[in-house]
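Let me begin by presenting the structure, written as structure tokens, before commenting on it.
Atoms considered below: every heavy atom in the structure, side chains included; atoms not considered: hydrogens, waters and symmetry mates. Atoms within a ligand are numbered from 1 in the order they appear, just like the ligands themselves.
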Amino acid sequence: MSLIALLLGAYLLGSIPFAIVTSKLFGLEDPRRYGSGNPGATNVLRSGNKGAAALTLIGDCLKGWLAVWAASRLGFSPLEASLAGLAAFLGHVFTVFLRFNGGKGVATALGVLASVDGQVAILCALVWLAVAFTSRYSSAAALSAAAAAPVAGLIFLGPQPSVLVLAAMAGVLIWRHAANIRRLLAGTEGRIGGSKKPKA
Ligand code: NKO
């Protein structure tokens, strides 16, 4: 299999929007129509359905993990496998199935990290949990974990090209949270498990 075919396959896998798929399965409203309007686990939780939110998180996470794992199994190098992870992440964010307007990439990035290096994933997940529990802001937790990712990469993987792949993922993730950053600064950001209030 060529690298191009691998990246295309990973992109298509990443493009599956689990927030939309699970919402349809559970007969819930489209998450793009309430809360932050984001097709992601945090926003699906605002529907009040914890099962749908958990399934969104697992699905979005697994596709990132699977892209890297499959690439390694197919004999691609660790750097090529991390690029497959980046392709799945970009598939989630710029999904072909939602006119290139997908999610923010947090759960998918976690799946990619878990497959690239377990220690990096655990450190970032701990940062997410610490900030989420203290602030109750999913976005602030994701922004902190993304900032930690390249640092954790350097610590556990050393200076190698796949750390740049993690940094690129973190950069796109932070950029996708621009509206959240504005709401955090204005004090109007919604908390975890908060209401379904219309978009601010
Ligand atoms: O609706 O705009 P919103 O308030 O929903 O949502 C903001 C939120 C969007 O993300 C999600 C996914 C939630 C996943 C939660 C578990 C994540 C745990 C660990 C994350 C590690 C991320 C590392 C990134 C490295 C590049 O933010």
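The Ser138 neighbourhood of ligand 1 comprises atoms 8 (C), 27 (O), with distances under 4.0 Å to a heavy atom of that residue. Atoms of ligand 1 found under 4.0 Å from any heavy atom of Ala142 (numbered from 1 in listed order, with element): 27 (O). Taking a cut-off of under 4.0 Å to the non-hydrogen atoms of Ala170, the atoms of ligand 1 that pass are 26 (C). Atoms of ligand 1 found under 4.0 Å from any heavy atom of Asn43 (numbered from 1 in listed order, with element): 1 (O). Which parts of ligand 1 touch Leu113 is read off a 4.0 Å heavy-atom cut-off, strictly below it: atoms 23 (C), 25 (C).
When only interatomic distances are considered, the shortest N/O to N/O separation between Trp128 and ligand 1 does not fall below 3.5 Å. Considering backbone and side-chain N/O of Lys104, one or more are found under 3.5 Å from N/O of ligand 1. Inclusion of Thr42 in the set of residues having an N or O under 3.5 Å from an N or O of ligand 1 is warranted.
Between Arg182 and Glu189, no side-chain nitrogen of the basic residue sits less than 4.0 Å from a carboxylate oxygen of the acidic one, so the salt-bridge criterion is not met.
With a 4.0 Å heavy-atom cut-off, ligand 1 is reached by no atom of Leu129. Of the heavy atoms in Val127, none comes closer than 4.0 Å to ligand 1. The proximity of Ala149 to ligand 1, defined as any non-hydrogen pair under 4.0 Å, is limited to the side chain.
Listed by first and then second residue, the salt bridge (Lys or Arg N to Asp or Glu O under 4.0 Å) pairs that reach into residues 36-60 are Asp60-Lys63, sequence neighbours excluded.
The line from OG1 of Thr95 to OH of Tyr11 is 6.0 Å long, rounded to the nearest 0.5 Å.
The side-chain hydrogen bond (donor to acceptor under 3.5 Å, both in side chains) check on Thr22 picks up Thr56, with sequence neighbours excluded.
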Trace of the side chain to side chain donor-acceptor pair (under 3.5 Å) decision for Thr42 with Ser138: CA-CA 7 Å; Thr42 304; Ser138 185; 2.7 Å; yes
